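Just below is one structure, and these are the notes that go with it.
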Amino acid sequence: MPNRIEELEHRTRFEPAEVEPRITQRWLQSGLFHPEPQGSAAENYSIAIPPPNITGSLHMGHALNGAIQDVLIRFNRMQARDGTTAQPAARTKWILGTDHAGIATQAQVEKALKAEGTSRQEIGREAFERRVWEWREHYGHRIIEQFKRLGASCDYEEERFTLDDGYHRAVVKVFVDLYEQGLIYRDRYIVNWDPGSRSAISDLEVEERRETDTLYSIRYDLDGADGGSVTIATVRPETMLGDTAVAVNPQDQRYRELVGRMALLPLIGRHLPIIADEYVKRDFGTGQLKVTPAHDPNDFEIGQRHELEQVSVIGEDGRMTSEAGERFAGLTVMQARAAVVEALKEEGRIVGEEPYEHEVPYSHRSGERIEPLISLQWFMRMDELAQPAIEAVTCGAVRIVPDNHRRVYLDWMANIRPWCISRQLWWGHRLPVYYCQTCNHVHVATSAPEHCEKCGGELRQEEDVLDTWFSSALWPFATLGWPDETPQLQAFYPTNVLSTARDILFLWVARMIMMGLRFTGQVPFSDVYIHTVIQAPDGRRMSKSLGTGIDPLEEIERHGADAVRFGLLAMSSSQDVRYSAEKVQQGQALANKLFNAARFVLLKVAEVDVTGAGSGEIAGESGAVESLRSLPRPEAVEDRSILPRPEAVEDRWILSRLEQIEADTAARIADYDFSHAALGLYDFVYGELCDWYLELVKHRLASDGSSTSEQDRNRLAAILLHVLRETVAMSHPVMPFVTEELWSYLGGGNELLAGASYPCADNSLIDPEAEVSMERAIEAITLIRGWRDSVGARPGLIVPARLNAKGYETTAASVARLARLELTSAADAPAAVVAVPVPGGVLEVLSEEGLDLQAAERRRTGERERLEAEIERVRAKLANERFVAKAPEAVVAGERSKLAHLEAELGAV
RNA sequence: GGGCGCGUAGCUCAGCGGGAGAGCGCUCGCUUCACACGCGAGAGGUCGCUGGUUCGAAACCAGCCGUGCCCACCA
């Protein structure tokens, strides 16, 4: 041990690049991340990672969410290993895997093929699929490696893939079951057609862009001898070739007479019935609308209501079809638009043109403009699935954090629409649907039937694959072996929390809840945590295409994984936040500070140890240091011998602060308040432990031994080691690498910190019989003065805490201000002292318990009493007639709801 | 159009009923034997605007302005 500590002498900095790979190795070899499936999900803790795309590379969102989940996982793993409980250790598992990402992956491989001068059509489906699998073998694990660099403690030994064999079985079973239950069906429907990928894509993959186009007003003549015309407005004149009606609002007096007559479609000459439909807005344009059921979703619905013909003039390749007429067939949509306008102008039919700004749909994936088209697709009916998923959230079986997203979820679910689940791709789960080549009979089955059950004819499997989100929706249970009742499923399903960004709340989260309930009868997770979105430093969205992305891996390279984790967690406060390199820097500084504080203590303590003495009174037979090292944790803490001498106020103070920060950090992590958890650690380590406590205590460790007894030095060494160990252990979920490294010196064994137990706040260290009294505080001041004088430091401020006229306790800072006004040197300090300065001019109040007053108050009264006091206050306010009469309705209502809230909280305590 | 955020020091953000704060940046001074990824001392703010509630508002309420995100079928 001494040798190892000596080597610290020269490591004056924490070097992530040197430490991280070494630590990662140890973790991976330890098997700590791979729990055996035992016990029930209620006893265990699990998180299913949002599976990154195999095409993906770690971006800021992954890094943040990775850090968040890892904090939860590590924190809970450390809870689970708490040796103080008699129960068998619970298991903690972070379920890992990747998503096959249909469109994105296919696009990647197609790009590669193109570079080789070929195409998927050319090589055929089978060869193409082989190519994609090869691609996946090569590149598909990159992102997993990147998660390792982040320090993410996933179960790397059981990596799943949304397209592996077992997973496919789950997907097929779900499809077949839902088909048999009548929820999956085939229909002609207008879909968002992406000409780029030649596939239908979901509403959720459509991105609207604001563009300025021309709004044309076009005159259509009426059929009949009496002349007359209607004027319609459109930004897409090319679609008029597919018009099959003209519509007006039924309430529109102006056009009563027109309904039932016919208009003539210019250029084509088709007869268009004039119909009345509520959809038409009377005040837009002329209030006369052209209806193109085949190329506009709204018109499609109007068409359904009025049984209109559907004329498709745009094909799946994004070009005009023969239905558009010889003149236009084969043109691209934009070419056709110009040609149609020109033709109409020749006929003098354009009666108005104005610039018009509107939203134009683009494919999220291919970037091409969406063409709404009619095609034959597979759909899933959602209303029946949605109902239980709505109840799960309203009754609290699934808790959405922060809860303002609840309403968004519920609103969306209440208005849910059928889901188009088929995609015209080659990469994905091919639908388990088989068509008879002879009689067209449709078979849906888990395994391919040999012949048509009706006519015995040849069968051919559906070409389409399922929307990627179909398989993702099964993630939390399909990864654990469902539909088999595996031990994994039993031990880890349902999972505890799903952490994700809010943009896939519907795309993914809602669907997992629906599928989980339908197929397992249980919610897939009890909490949904919606994390912050990190924007680029300039406030724009971080995106590769905008060039605003910041690569987290580069940041890790530069500052270390701990620093990046700390920074991201510290940033994750509100809904959107800008990336702040400074927070990462702050994290780096903290890692280094912690490292050096530990180094200092270890080197000093080693000296103390060498002097060897130690007395039985302190900590058993040998010196405090040795005994502390060898003792397992709980005993060490409960060993009263490490309690400080009553007069050592600063010891009592740091120990009580330690207990407080432990309680706070644990509570913050449990509350998903990661930024305060991280920043709280920073404040403690910097502001209290290093700036203040270590500075105060230095002279007591001085090796010349002039000012302190050997006994005190031993005792102090024990306290220092204790504080340091707990601080390091407590910081581990946020900064796993430095802390693991330090644990190899502090841990007293070969145990990894990742597998150790989380320190729990322990009030036994705050001995009620040894409260810091006024007299003792004075002694503390004497001590501090002595130290200050000995190092020649400037006089600090030493002031009393006091109550103001109203009886409120003043805060530390207000005391500071008072002190600054009234005192200029320590010599003027009043005799009764309960507050002391810390470097930098900030004051920390030492109460009679040696703590800050609020914390002391909390401990004294307890949570229940605090709530009761709060409730009493609010009740009194509501009982005040003047208040109720004069305050705005909303204020009173606010107080009432606050009261209700507090009462509920009290009930929960 | 609806919903949800955010506007506090030059920058990024805490604070959310009684003191205007942190990190970074800036100025000055430190080879103080854990740490220059450090230590000490400073400068810097009508807490977006207007009203209201209150003994007291950066914080609570209303309205406005600015800004960002999500959802939505207005041709």
Side-chain angles (χ1 to χ4, degrees), chain A residues 8-9 12-14 203-204 208 215 232-236 239 247 279-281 283-285 288-292 296-301 356 358-359 372 402 404-405 407-408 411-412 415 502-503 505-506 532-533 535 537 539-541 559-560 563 567 570-571 573-604 675-676 679 682-683 686-687 690-691 694-695 698 702 791-794 804 806 808 810-818 839-843 883 886-895 898:
Chain A
L8 276 177
E9 184 80 52
T12 59
R13 280 184 191 178
F14 175 64
D203 282 350
L204 298 164
E208 304 282 344
L215 181 67
I232 58 88
T234 181
V235 289
R236 302 199 57 196
T239 63
Y279 169 75
V280 183
K281 303 274 183 294
D283 52 0
F284 190 94
Q288 298 168 332
L289 174 73
K290 77 187 202 51
V291 184
T292 321
D296 182 285
N298 300 308
D299 293 7
F300 178 82
E301 283 179 14
Y356 186 74
H358 65 145
E359 308 268 305
N404 53 343
H405 293 101
R407 221 179 104 193
V408 184
D411 284 353
W412 190 78
N415 301 308
R502 65 178 176 282
D503 56 354
L505 186 59
F506 314 125
T532 299
V533 171
Q535 302 173 327
R540 287 188 296 169
R541 207 184 163 71
H559 304 283
M571 278 176 242
S573 46
S574 66
Q575 187 173 282
D576 305 286
V577 87
R578 296 175 185 209
Y579 185 78
S580 152
E582 292 79 13
K583 287 279 192 317
V584 173
Q585 233 172 302
Q586 197 177 345
Q588 189 178 358
L590 175 60
N592 190 56
K593 195 71 170 177
L594 200 55
F595 184 80
N596 274 294
R599 204 174 133 246
F600 169 65
V601 169
L602 285 163
L603 290 168
K604 282 294 180 192
S675 72
H676 287 104
L679 292 166
Y682 179 93
D683 287 342
Y686 255 83
C690 294
D691 282 358
L694 291 185
E695 293 300 331
K698 268 177 180 170
V791 299
R794 282 201 184 190
N804 68 16
K806 284 264 186 176
Y808 294 113
T810 52
T811 64
S814 67
V815 172
R817 193 155 146 256
L818 281 170
V842 180
L843 291 188
F883 168 74
K886 288 191 72 178
E889 198 78 282
V891 173
V892 180
E895 290 294 325
K898 185 175 176 185

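Lettering follows sequence order; numbering is per chain, from 1. Quantities reported herein were computed from a predicted structural model and do not represent experimental measurements.
Between A/Phe14 and A/Phe595, the ring planes lie tilted relative to each other; the angle falls in the 30° to 60° range.
B/G38 and B/C24 have their P atoms separated by 7 Å, with the value rounded to a whole Å. Atom C1' of B/C16 sits at a distance of 15 Å from the matching atom of B/G56, rounded to the whole Å. Rounded to whole Å, the C1' atom of B/G17 lies 13 Å from the corresponding atom of B/C61. The gap from the P atom of B/G21 to that of B/G63 amounts to 32 Å, rounded to the nearest Å. Distance check on atom P: B/G51 versus B/A43 gives 32 Å, rounded to whole Å. When the P atom is compared between B/G52 and B/A58, the two are found 15 Å apart, to the nearest whole Å. Annotation: B/C6 and B/G25 have their P atoms spaced 28 Å apart (nearest Å). One P atom belongs to B/U8, the other to B/U67, and the distance between them is 14 Å to the nearest Å.
Between the C1' atom of B/G25 and the CD atom of A/Gln586 lies a distance of 14 Å, rounded to the nearest Å. B/C13 atom P lies 8 Å from atom NZ of A/Lys583, rounded to whole Å. Between A/Asp683 atom CG and B/A14 atom C1' there is a gap of 10 Å when expressed in whole angstrom units. Protein atom CG of A/Leu594 is 18 Å distant from nucleotide atom P of B/C37, rounded to whole Å. B/A72 atom C1' lies 13 Å from atom CH2 of A/Trp412, rounded to whole Å. What separates CG of A/Asn415 from P of B/G1 is a distance of 20 Å, to the nearest Å. Distance A/Gln585 CD to B/G38 C1': 14 Å, rounded to the nearest Å.
Taking the salt bridge (Lys or Arg N to Asp or Glu O under 4.0 Å) definition, one finds that A/Glu301 meets it with A/Arg417, sequence neighbours left out. With sequence neighbours excluded, the residues satisfying ring-ring contact (aromatic ring centres under 6.0 Å, His included) with A/Tyr686 are A/Tyr682. Taking A/Arg599 as the reference, A/Asn596 meet the side chain to side chain donor-acceptor pair (under 3.5 Å) condition, with sequence neighbours excluded.
Every stem involving RNA chain B, taken as at least 3 paired positions in a row under the Watson-Crick or G-U wobble test at 3.5 Å, is listed here: B:1-7 with B:65-71, B:10-13 with B:21-24, B:26-30 with B:38-42, B:48-52 with B:60-64.
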For A/Trp412 and A/Leu505: C-alpha separation, side-chain torsions, deciding distance, then whether side-chain contact (heavy atoms from CB on, under 4.5 Å) applies. CA-CA 10 Å; A/Trp412 190 78; A/Leu505 186 59; over 6 Å; no
What's the verdict on side-chain contact (heavy atoms from CB on, under 4.5 Å) for A/Glu9 and A/Leu603, showing C-alpha distance, side-chain angles and the deciding distance? CA-CA 7 Å; A/Glu9 184 80 52; A/Leu603 290 168; 4.0 Å; yes
Please assess A/Arg502 against A/Gln575 for the test side-chain contact (heavy atoms from CB on, under 4.5 Å), listing each intermediate value before the final yes or no. CA-CA 9 Å; A/Arg502 65 178 176 282; A/Gln575 187 173 282; 3.5 Å; yes
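The nucleotide whose nearest atom lies closest to any side-chain atom of A/Val235 is, among B/G38, B/G23, B/A75, B/A75. Minimum atom distance to the side chain of A/Arg599 is reached by B/C35, of the listed B/C35, B/C74, B/C69. Proximity note for A/Ser573 (side chain, C-beta onward) versus B/U12, B/A14, B/A34: the nearest is B/A14. Listed nucleotides: B/C73, B/G23, B/U12. Nearest to the side chain of A/Ser580: B/U12. Closest to the side chain of A/Tyr279, from the set B/A75, B/C35, B/C70, is B/A75. Side chain of A/Gln588, nearest nucleotide from B/A75, B/C24, B/C37: B/C37.
Considering all non-hydrogen atoms of both residues, A/Asp299 and A/Thr292 come closest at OD2-N, 2.7 Å. When every heavy atom of A/Asn298 is checked against every heavy atom of A/Asp296, the shortest pair comes out as N-OD1, 2.8 Å.
Dashed line: the shortest gap from a side-chain N or O of A/Arg13 to OP1 or OP2 of B/C35 is not under 4.0 Å. For the pair A/Arg502 and B/C70, the criterion of a side-chain N or O lying under 4.0 Å from OP1 or OP2 is not met. One finds no side-chain N or O of A/Tyr686 lying less than 4.0 angstrom from the OP1 or OP2 phosphate oxygen of B/G23. A/Lys604 has no side-chain polar atom (N or O) that falls below the 4.0 Å cut-off from OP1 or OP2 of B/C35.
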Under 3.5 Å, which protein N or O atoms sit close to an N or O of nucleotides 3-7 of chain B? Give each pair with its distance.
{"residue": "B/C4", "atom": "OP1", "partner": "A/Arg407", "partner atom": "NH1", "Å": "3.4"}
{"residue": "B/C4", "atom": "O3'", "partner": "A/Asn404", "partner atom": "ND2", "Å": "2.9"}
{"residue": "B/C4", "atom": "O2'", "partner": "A/Asn404", "partner atom": "ND2", "Å": "3.2"}
{"residue": "B/C4", "atom": "O2'", "partner": "A/Gln575", "partner atom": "OE1", "Å": "2.5"}
{"residue": "B/C4", "atom": "O2", "partner": "A/Gln575", "partner atom": "NE2", "Å": "3.0"}
{"residue": "B/G5", "atom": "OP1", "partner": "A/Asn404", "partner atom": "ND2", "Å": "3.3"}
{"residue": "B/G5", "atom": "O5'", "partner": "A/Asn404", "partner atom": "ND2", "Å": "3.4"}
{"residue": "B/G5", "atom": "O4'", "partner": "A/Gln575", "partner atom": "OE1", "Å": "3.4"}

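In this structure, A/Lys281 is positioned above the aromatic face of A/Tyr279, its NZ or CZ under 6.0 Å from the six-membered ring centre and within 45° of the axis.
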Residues 580-587 of chain A, side-chain donor-acceptor partners within the protein, below 3.5 Å, at least two apart:
{"residue": "A/Ser580", "atom": "OG", "partner": "A/Glu582", "partner atom": "OE1", "Å": "3.3"}
{"residue": "A/Ser580", "atom": "OG", "partner": "A/Lys583", "partner atom": "N", "Å": "3.2"}

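Across all strands shown, A/His676 has heavy atoms under 4.0 Å from sugar-phosphate atoms exclusively, and none from any base. Among the protein residues, A/Gln535 comes within range of the sugar-phosphate backbone only, with heavy atoms under 4.0 Å from sugar or phosphate atoms but none that close to a base. Residue-level contact check: A/Val577 touches the backbone only, with heavy atoms under 4.0 Å from sugar-phosphate atoms and none from bases.
Counting heavy atoms from C-beta on, the side chains of A/Leu8 and A/Leu602 come closer than 4.5 Å.
When each of A/Asn298 and A/Thr12 is assigned the nucleotide of RNA chain B bearing its nearest heavy atom, the one mapping closer to the 5' terminus is A/Thr12.
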